[in-house]
Structures are given as structure tokens and as C-alpha cells.
Amino acid sequence: MDLYNVINTNSQYPVVVSFPHSGTYLPDSIRYKMKKSAVMTNMDWFLPELFDFLKEYGVTQIISNISRYVVDLNRAPNHFKSDSYLQSVVYETNTFGTRLYESSLSKAEITERIETFYKPYHEELKRQLAEKILQFGKVYLIDIHSFFQQYNDDICIGNSDGATSDRETVKVFDENLQLYDFSTNTDSIFKGGNTIKYYRSLYGDVFQGLILEINYRAYIDNRYFGEEEVSAYNETLFKNAKTRLEKALVETFNSWSKL
């Protein structure tokens with residue numbers, strides 16, 4: 001299996017969309033070491049399918065095929081050990097705090113995962129961002145995720161409290177999402193992970209980085225989500241969300257191109 005897919009390397013837009021947590025592939029060698037009861041919670045379920053309209057518009061995408069439980073592509077690679085998955089590049093618990101392994105992983109095992117799975121993805125992402133900067137003089141990265149917390153808003157936008165993009169970039173995005181009836185907030189519970197912070201520090205102001213977090217209840221099903229793996233979605237809800245996202249994002253990309 002390919003570790004990731006890249007779609008539309010040549011694009012009319014100075015935009016790259018990344019999906020770091022949408023993969024579900026778990027190598028047998030890793031699954032074998034996990035407890036049989038391990039539950040892979042809080043995956044970014046079905047996001048490539050939800051945003052598959054991006055291909056039609058020629059938008060550059062990089063989509064991870066590996067599970068976030070192999071390695072978290074949105075964490076700093078030097079964050080080896082932590083009791084919280086929020087701070088670890090390789091998790092030893094799921095997002096509910098349930099332990100995944102009978103014994104802790106060694107530093108050598110974590111390092112191997114970083115070398116094998118983490119670095120190739122970021123080398124490709126860096127390549128795509130650099131090509132957009134060379135072509136357009138700027139690049140907009142949207143790091144797309146979803147969330148299961150019982151939180152009211154449909155979409156959360158994050159730019160690290162203004163550190164990874166300018167105010168106008170967020171304003172355009174937020175207004176277009178609201179135009180198509182998504183309730184939104186910015187930098188509330190989701191401010192953005194390592195990815196947008198790292199590439200802003202690397203490229204400076206020519207890089208505009210945002211996260212988009214979409215609520216499970218806005219596209220999968222309007223219900224409570226517990227410690228579970230999700231295998232299906234409400235087709236009517238999903239289709240409606242996709243239609244509105246398409247309109248909001250295309251208008252945003254057209255506006256960003258003119259800034």
C-alpha cells in the first residue's frame with residue numbers, strides 16, 4: 001500500500017489540502033503488538049470522500065493512507081513520550097485514554113515509525129508547498145480533520161491564535177462557510193497542530209496555514225459518538241454537507257487567489 005496519495009500536483013490555485021488523519025491502514029506488524037481489545041477511536045472518518053470534489057477543481061491534495069495510530073503526522077517528530085496522545089508522535093493510548101499495548105514502546109520502535117511513515121509524508125508535503133510558492137509566490141495550506149467531541153459548532157477553524165495566517169485569510173474562509181449555513185468558530189478548542197506551525201516557521205509570511213475541523217455530527221450522523229470505530233454514515237447528511245462544502249471552498253480558493 002502507498003503511504004499517501006497526491007492528487008493534482010499542477011493546480012490553478014495556490015492551495016494545498018492535506019488529510020493527515022484520514023488513513024485507516026495499520027500494518028500487521030503493528031496491529032500484532034496491540035491489545036486485541038484496542039479500539040482506534042477518533043479517526044478522521046470518510047474525509048477524502050467528503051472532499052472528493054476537490055479533484056474536479058484541480059486542487060492539490062495529499063492524503064495519508066496510514067492510521068494515526070501508526071504515527072501522528074500532525075505532531076512534532078521529537079515528541080516521543082507523553083501520557084497524552086495530544087503530545088505524542090506515536091500514541092500508547094487511544095483518544096479516550098485506553099492503553100493500546102501491554103508494554104510501552106521502545107525509543108527504537110518509535111524512531112523506526114518516524115523514519116518509515118512520518119518523514120516521507122512531510123517530504124512530499126514540503127515539495128508541494130515549495131512548488132506552489134515558486135509558481136504563485138504564496139501558498140495556502142488547509143489541514144483537514146474531524147472531531148467527535150460533543151461540541152455545538154459544525155466547523156472549527158484554527159490558525160494558532162493568528163500565528164500561522166493573516167486575519168484576511170481566516171475572514172474569507174469563515175464568511176464563506178457561514179454563507180452556506182455552517183456554524184463556525186476560530187481558535188476555540190482547535191488552534192492547529194505542529195504542521196501549520198512548522199511550515200509557517202519554515203516559509204514565513206508567504207505561507208498561510210489553517211486547520212479545518214468538521215464535527216462528526218455535521219457529516220456522519222447527528223448522534224453521540226463514544227469509544228468506537230465508525231463504519232457508516234447518514235447518506236443524506238453526508239451529501240448535504242458535501243454540497244455546501246464544495247460551494248464554500250471553491251469561493252474561498254477564488255478569493256484567496258486574488259489576495
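- The heavy-atom pair separating Gln61 from Phe19 by the smallest distance is OE1-CE1, 3.7 Å.
- A side-chain N or O of Thr41 and one of Thr95 form a donor-acceptor pair less than 3.5 Å apart.
- Taking the ring-ring contact (aromatic ring centres under 6.0 Å, His included) definition, one finds that Tyr219 meets it with nothing, sequence neighbours left out.
- Donor-acceptor pairing under 3.5 Å is recorded for the side chains of Thr169 and Asp166.
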Next item on the list: Test side chain to side chain contact (heavy atoms under 4.5 Å, CB included) on Tyr69 and Asn94 and set out the steps.
Entry: CA-CA 8 Å; Tyr69 288 95; Asn94 69 12; 3.5 Å; yes
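- In this structure, the side chain of Arg68 engages the main chain of Asn42 through a donor-acceptor pair within 3.5 Å.
- When all heavy atoms of Tyr118 and Pro77 are compared, the pair lying nearest together is OH-CD, 3.2 Å.
- Distance CD/Gln178 to CG/Asp154: 10.5 Å, rounded to 0.5 Å.
- Arg75 and Val89 get closest at one heavy-atom pair: CB-CA, 3.8 Å.
- Asp72 and His21 are linked by a side-chain donor-acceptor pair at a separation below 3.5 angstrom, with hydrogens and angles left out of the test.
- The heavy-atom pair separating Ile211 from Lys191 by the smallest distance is CD1-C, 4.1 Å.
- In summary, the side chains of Glu213 and Ser146 do not present any donor paired with an acceptor at a separation below 3.5 Å, with no hydrogens or angles considered.
- Applying the side-chain hydrogen bond (donor to acceptor under 3.5 Å, both in side chains) test to every pair with at least one member in residues 22-39, sequence neighbours left out, gives these pairs: Lys33-Glu109.
- The distance from atom CG of Leu73 to atom CD1 of Ile66, rounded to the nearest 0.5 Å, is 5.0 Å.
- Side-chain polar atoms of Asn159 and Thr164 form no donor-acceptor pair below 3.5 angstrom.
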Next item on the list: Show your working on side-chain hydrogen bond (donor to acceptor under 3.5 Å, both in side chains) between Glu251 and Tyr180 and close with a plain yes or no.
Entry: CA-CA 11 Å; Glu251 291 194 23; Tyr180 292 101; 2.4 Å; yes
Margin query: Working note: Phe238 + Ile220, criterion side chain to side chain contact (heavy atoms under 4.5 Å, CB included); need CA distance, chi angles, decisive distance, verdict.
Written below: CA-CA 6 Å; Phe238 193 89; Ile220 296 178; 5.7 Å; no
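- Taking the six-membered ring where the residue is Trp, Phe148 and Phe96 present parallel rings, their angle staying beneath 30° rather than reaching 60°.
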Next item on the list: Walk me through it: do Val17 and Ile144 pass the test side chain to side chain contact (heavy atoms under 4.5 Å, CB included)?
Entry: CA-CA 7 Å; Val17 178; Ile144 297 189; 3.4 Å; yes
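- A distance of 10.0 Å separates CG of Leu129 from CD of Glu124, quoted to the nearest 0.5 Å.
- Taking the ring axis of Phe182 as reference, the NZ or CZ atom of Arg244 stays within 45° of it and closer than 6.0 Å to the ring centre.
- Formation of a donor-acceptor pair under 3.5 Å by the Asn8 side chain with backbone atoms of Asn10 is not found in this model.
- Atom OG1 in Thr93 sits 9.0 Å away from atom OH in Tyr91 (nearest 0.5 Å).
- Of the possible donor and acceptor atoms, none in the side chain of Asp44 sits under 3.5 Å from a partner among the backbone N and O of Leu47.
- Of all non-hydrogen atoms in His145 and Pro20, the two that sit nearest each other are CE1-CG, 3.4 Å.
- Contact annotation: the side chain of Gln12 never approaches that of Phe253 to less than 4.5 Å [non-hydrogen atoms, C-beta and beyond].
- Put simply, NZ on Lys126 and CD1 on Ile62 are 12.0 Å apart, with the number rounded to the nearest 0.5 Å.
- The aromatic rings of Tyr199 and His122 lie parallel to each other, their planes meeting at an angle below 30°, with 60° marking the opposite boundary.
- At a cut-off of 3.5 Å, with distance as the only test, a side-chain donor of Asn185 or Asp153 sits close to an acceptor on the other residue.
- Residues Tyr233 and Asp221 have side chains not in contact (no heavy-atom distance under 4.5 Å, counting atoms from C-beta outward).
- For Arg223 and Phe225, the positive end sits near the middle of the six-membered ring, less than 6.0 Å away and at most 45° from its axis.
- In this model, a donor atom of one side chain and an acceptor atom of the other lie less than 3.5 Å apart for Thr184 and Asp174.
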Next item on the list: Quick one: do Glu92 and Ser104 satisfy side-chain hydrogen bond (donor to acceptor under 3.5 Å, both in side chains)? Show the steps, please.
Entry: CA-CA 7 Å; Glu92 296 203 13; Ser104 293; 3.3 Å; yes
